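Okay, structure first, notes after.
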Amino acid sequence: MARVRYGARTEAEIAAAREKSSKLPDIWSTGVVAVWESDPDVVAAVLPPPLKPADRPLVRANISKVDLPGYPLGAGSVAVAAQHGGIEGWYPLVMPMTLERALTGGREVFGEPKKLGEVTVERDGLVVRAALARHGIAFVEVRGAVDRALPLPEPAQKTDFYFKFLPAVDGSGFDVDPVLVHCTRNEKVRKLEHITGDVVLRESMYDPVADLPVRRIVEITIGEKTTDQKGRVVERVSAQALLPYIHQRYDDPQQILDAPPEGSSGGRG
């Protein structure tokens, strides 16, 4: 019988795939990072418990093109500064990706709020433009000009906070209590430049980052970096406490809060 491709893989095939994924080379990205101070009450309002606001109400937009062999990737995020258990980090609200392959691992393994979107990083001489867009709206745009080179930072470890969960089959919440994930990234930078410019936030009902106003720009940079990441579950969290924030993850929160009629397929696409 010919190989049935949906059939079970052998232990040798599984081991080979695991070995291949553990030996990935450094993958470098070119990206723009904009950090600004926002309204402290707004930053606090978007943080599900047990996350707490950091000492400063910072928001960070990260917009990158990634040099993946065979298929270039656009990747971005908008995150707010947060802390948990004495650890300072970032809580991403939205992470647009240009390829579905980049969505699945991050969402299913770490609980990252990834969605398909458009990512733009353009440079013409010293002039730089970077943007994140979905549903035809560039909801974050960073514009400016490079004015100087910056000293390279030492390799650093950074933390992102994610909530991993499974919506309940009957639309009543979650199948099991969600978990809080600490995702640590080891970051190396090989080029870094400062940009003088501005950040434009546009209204979008799907990605309402315009609610995080730019009170003061802290820094805008463009650089080349590589990172690896590891995640760990640090605690289970209250389903009832997280449920009011579930709309952050979905364009249509009714998709997971409505139980399908009895006997129906429940498919909403």
Side-chain angles (χ1 to χ4, degrees), residues 29-48 51-65 74-83 88-97 112-115 117-124 126-150 153 156 158-162 185 187 189 192-223 225 245 247-249 251:
S29 65
T30 299
V32 172
V33 178
V35 179
W36 64 91
E37 285 189 354
S38 191
D39 185 316
D41 292 334
V42 173
V43 171
V46 303
L47 292 172
L51 298 182
K52 303 291 185 183
D55 293 337
R56 297 175 67 189
L58 299 180
V59 184
R60 180 192 67 190
N62 194 330
I63 308 171
S64 299
K65 291 288 190 178
S77 69
V78 178
V80 297
Q83 56 182 321
E88 299 282 338
W90 296 90
Y91 174 63
L93 295 167
V94 61
M95 300 178 70
M97 302 282 142
E112 294 173 328
K114 290 183 173 180
K115 299 177 180 179
E118 300 172 21
V119 179
T120 302
V121 179
E122 300 172 334
R123 179 169 181 171
D124 183 5
L126 299 179
V127 177
V128 175
R129 176 185 176 270
L132 299 176
R134 298 180 66 247
H135 302 287
I137 301 170
F139 58 90
V140 177
E141 183 176 0
V142 182
R143 308 174 301 196
V146 173
D147 56 13
R148 66 184 184 273
L150 294 172
K158 300 181 179 181
T159 302
D160 281 350
F161 305 117
Y162 303 121
R185 289 182 169 84
E187 182 179 285
V189 179
L192 192 64
E193 295 171 293
H194 183 270
I195 292 174
T196 295
D198 59 3
V199 176
V200 178
L201 305 179
R202 295 188 178 90
E203 176 58 34
S204 169
M205 64 179 290
Y206 301 104
D207 305 290
V209 299
D211 290 349
L212 299 161
V214 181
R215 298 295 190 220
R216 186 178 73 87
I217 292 177
V218 176
E219 187 177 52
I220 304 176
T221 60
I222 183 169
K225 67 182 180 181
Y245 299 87
H247 62 284
Q248 295 177 347
R249 190 68 56 89
D251 287 350

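Owing to the predicted nature of the structure, the values given are computational and were not obtained by experimental measurement.
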Exercise. Got a sec, which residues hit side chain to side chain donor-acceptor pair (under 3.5 Å) with Lys225, two or more places apart in sequence or on another chain?
Worked result: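 For Lys225 the side chain to side chain donor-acceptor pair (under 3.5 Å) partners, ignoring immediate neighbours, are Glu187.
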
Seminar exercise, completed: Gln83 meets the side chain to side chain donor-acceptor pair (under 3.5 Å) criterion, sequence neighbours left out, with none

What are the two closest non-hydrogen atoms of [X] and [Y], and how far apart are they?
{"X": "Ala82", "Y": "Leu47", "answer": "CB-CD2, 3.8 Å"}
{"X": "Ala54", "Y": "Glu88", "answer": "CB-OE1, 3.5 Å"}
{"X": "Val119", "Y": "Pro96", "answer": "CG2-O, 4.0 Å"}
{"X": "Ala131", "Y": "Ile63", "answer": "O-CG2, 3.7 Å"}
{"X": "Val142", "Y": "Ala34", "answer": "CG2-CB, 4.0 Å"}
{"X": "Leu192", "Y": "Pro153", "answer": "CD2-CD, 4.0 Å"}

Exercise. Can you find a pair of side-chain heavy atoms, one from Glu112 and one from Ser77, that are under 4.5 Å apart?
Worked result: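 Not touching, per the 4.5 Å side-chain cut-off.
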
Just jot down the salt bridge (charged side-chain N to carboxylate O under 4.0 Å, His left out) partners of [X], sequence neighbours excluded, or say none.
{"X": "Lys115", "value": "Asp251"}
{"X": "Asp198", "value": "Arg143"}
{"X": "Arg148", "value": "none"}
{"X": "Glu193", "value": "Arg123"}

Residues forming a side chain to side chain contact (heavy atoms under 4.5 Å, CB included) with [X], sequence neighbours excluded:
{"X": "Pro113", "result": "Pro92, Met95, Tyr162, Arg249"}
{"X": "Arg56", "result": "Glu37, Leu58, Arg216, Val218"}
{"X": "Thr196", "result": "Asp147, His194"}
{"X": "Ser64", "result": "Ser29, Asn62"}

Problem set entry | Partner set under ring pair (Phe, Tyr, Trp, His ring centres under 6.0 Å) for Phe161, not counting sequence neighbours | His182

Problem set entry | All ring pair (Phe, Tyr, Trp, His ring centres under 6.0 Å) counterparts of Tyr245, not counting sequence neighbours | none

Rounded to the nearest 0.5 Å, what separation is found between the [atom1] atom of [X] and the [atom2] atom of [Y]?
{"X": "Asp211", "Y": "Ser38", "atom1": "CG", "atom2": "OG", "result": "9.0 Å"}
{"X": "Lys65", "Y": "Glu122", "atom1": "NZ", "atom2": "CD", "result": "8.5 Å"}
{"X": "Asp160", "Y": "Arg185", "atom1": "CG", "atom2": "CZ", "result": "4.5 Å"}
{"X": "Arg134", "Y": "Tyr206", "atom1": "CZ", "atom2": "OH", "result": "9.0 Å"}
{"X": "Leu212", "Y": "Leu93", "atom1": "CG", "atom2": "CG", "result": "6.5 Å"}

Seminar exercise, completed: The side-chain contact (heavy atoms from CB on, under 4.5 Å) partner of Phe139 among Val94, Val200, Leu201 is Val94

Problem set entry | Trp90 side-chain N/O to Lys158 backbone N/O, donor-acceptor pair under 3.5 Å |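 No; zero donor-acceptor contacts below 3.5 Å.
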
